[in-house]
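To keep things clear, I will list the structure first and then write my remarks on it.
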Amino acid sequence: QVQLVESGGGSVQAGGSLRLSCAVSRLAYDAFCIGWFRQAPGEEREREGVAQMYTGGNGHYYADSVQGRFSISRDKLKNMVYLQMNNLKPEDTGVYYCVADLNGCSWKSDEFQWWGQGTQVIVSS
């Protein structure tokens, strides 16, 4: 069983920064996809892909809405994945989930097998 535990969420003013962390257990493979999805507040909000990385090809992928502002990285020795979020906007508000799968990266939430419990990010104007 793979477990993902997020931390680092909080409340910030627009233009501020946060770094989210994801602790990964029992995921020691040569190549896998790991990344972040988020769900905005409100009824019937779908989880949207934010950032992903494929460890086998050194690829980094970002949603258009966060391109240039967010950065995903990994500390292999510590089994940690990070999402550095700069120049935050109110529309970035939501619950952020760390996700992982062995079948490659995808922008579809149902393609990922493992999910963390989520950490809340609130950006005020």
Side-chain angles (χ1 to χ4, degrees):
Q1 180 179 354
V2 174
Q3 294 184 351
L4 307 171
V5 181
E6 305 96 330
S7 62
S11 299
V12 297
Q13 294 284 338
S17 298
L18 285 173
R19 189 179 77 161
L20 306 183
S21 300
C22 175
V24 184
S25 67
R26 299 187 181 184
L27 190 60
Y29 303 98
D30 292 336
F32 59 93
C33 183
I34 191 162
W36 297 85
F37 277 69
R38 69 185 181 188
Q39 185 172 22
E43 297 181 355
E44 300 181 357
R45 296 291 186 176
E46 297 182 352
R47 296 177 179 180
E48 63 173 336
V50 177
Q52 300 177 55
M53 63 180 300
Y54 183 67
T55 63
N58 296 320
H60 292 66
Y61 313 100
Y62 299 96
D64 290 341
S65 59
V66 306
Q67 184 73 45
R69 300 187 296 118
F70 290 11
S71 178
I72 187 171
S73 61
R74 176 190 180 213
D75 187 326
K76 184 177 180 179
L77 182 62
K78 298 174 66 175
N79 287 335
M80 297 289 292
V81 177
Y82 305 99
L83 183 67
Q84 179 67 46
M85 305 186 295
N86 298 323
N87 192 23
L88 284 162
K89 303 176 180 180
E91 52 262 42
D92 295 319
T93 294
V95 178
Y96 284 69
Y97 299 89
C98 185
V99 301
D101 201 273
L102 299 179
N103 296 320
C105 293
S106 173
W107 293 114
K108 298 176 61 178
S109 61
D110 57 7
E111 294 286 342
F112 288 87
Q113 180 177 0
W114 298 293
W115 290 71
Q117 84 286 353
T119 185
Q120 184 169 270
V121 172
I122 300 176
V123 184
S124 59
S125 60

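- Residues passing the side chain to side chain contact (heavy atoms under 4.5 Å, CB included) test with Lys76 are Arg74, sequence neighbours excluded.
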Candidate pair Leu102 and Trp114, rule side chain to side chain contact (heavy atoms under 4.5 Å, CB included), full reasoning: CA-CA 10 Å; Leu102 299 179; Trp114 298 293; 3.9 Å; yes
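- Here the OG atom belonging to Ser17 is positioned 7.5 Å from the CG atom belonging to Asn87, to the nearest 0.5 angstrom.
- For the residue pair Arg45 and Gln39, the shortest heavy atom distance occurs at O-NE2, 2.6 Å.
- Note on Val24: it does not cluster hydrophobically with Tyr97, by side-chain heavy-atom contacts below 4.5 Å among ILVMFWY residues.
- Grouping the Ile, Leu, Val, Met, Phe, Trp and Tyr side chains by contacts below 4.5 angstrom, directly or via other members, places Met53 apart from Val99.
- Between Glu6 and Cys98, the shortest heavy-atom distance links the atoms OE2-N, 2.7 Å.
- Across every non-hydrogen atom of Ile72 and Ile34, the tightest pair is CD1-O, 3.7 Å.
- When ring centroids are compared, Phe112 and Phe37 come within the 6.0 Å threshold.
- A donor-acceptor pair under 3.5 Å is absent between the side-chain atoms of Thr119 and the main chain of Ser7, judged by distance alone.
- Residues Cys33 and Gln52 approach most closely at SG-OE1, 3.1 Å, considering heavy atoms.
- Judged purely by atom type and a 3.5 angstrom limit, Ser25 uses its side chain to pair as donor or acceptor with the backbone of Gln3.
- Note that CG of Asn86 is 8.5 Å distant from CZ of Phe70, once rounded to the nearest 0.5 Å.
- Here the closest heavy-atom approach between residue Leu88 and residue Leu18 is recorded as CD1-N, 3.9 Å.
- In this structure the side chain of Arg38 reaches within 4.5 angstrom of the side chain of Val66, judged on heavy atoms.
- Applying the side-chain contact (heavy atoms from CB on, under 4.5 Å) test between Val121 and each of Leu20, Val95, Val12 identifies Leu20 as the sole match.
- Note that the OG atom of Ser73 and the CE atom of Met80 stand 10.0 Å from one another [nearest 0.5 Å].
- Ser71 is listed as a side-chain neighbour of Tyr62, based on a closest heavy-atom distance under 4.5 Å.
- Residues Pro41 and Thr93 share a closest heavy-atom pair of CD-O, 3.5 Å.
- Contacts classified as salt bridge (charged side-chain N to carboxylate O under 4.0 Å, His left out) and involving residues 60-69 (residues at least two apart or in different chains) are given here: Arg69-Asp92.
- Centroid-to-centroid, the aromatic rings of Trp36 and Tyr96 stay 6.0 Å apart or farther.
- Taking OG of Ser125 as the start and NZ of Lys89 as the end, the distance is 13.5 Å to the nearest 0.5 Å.
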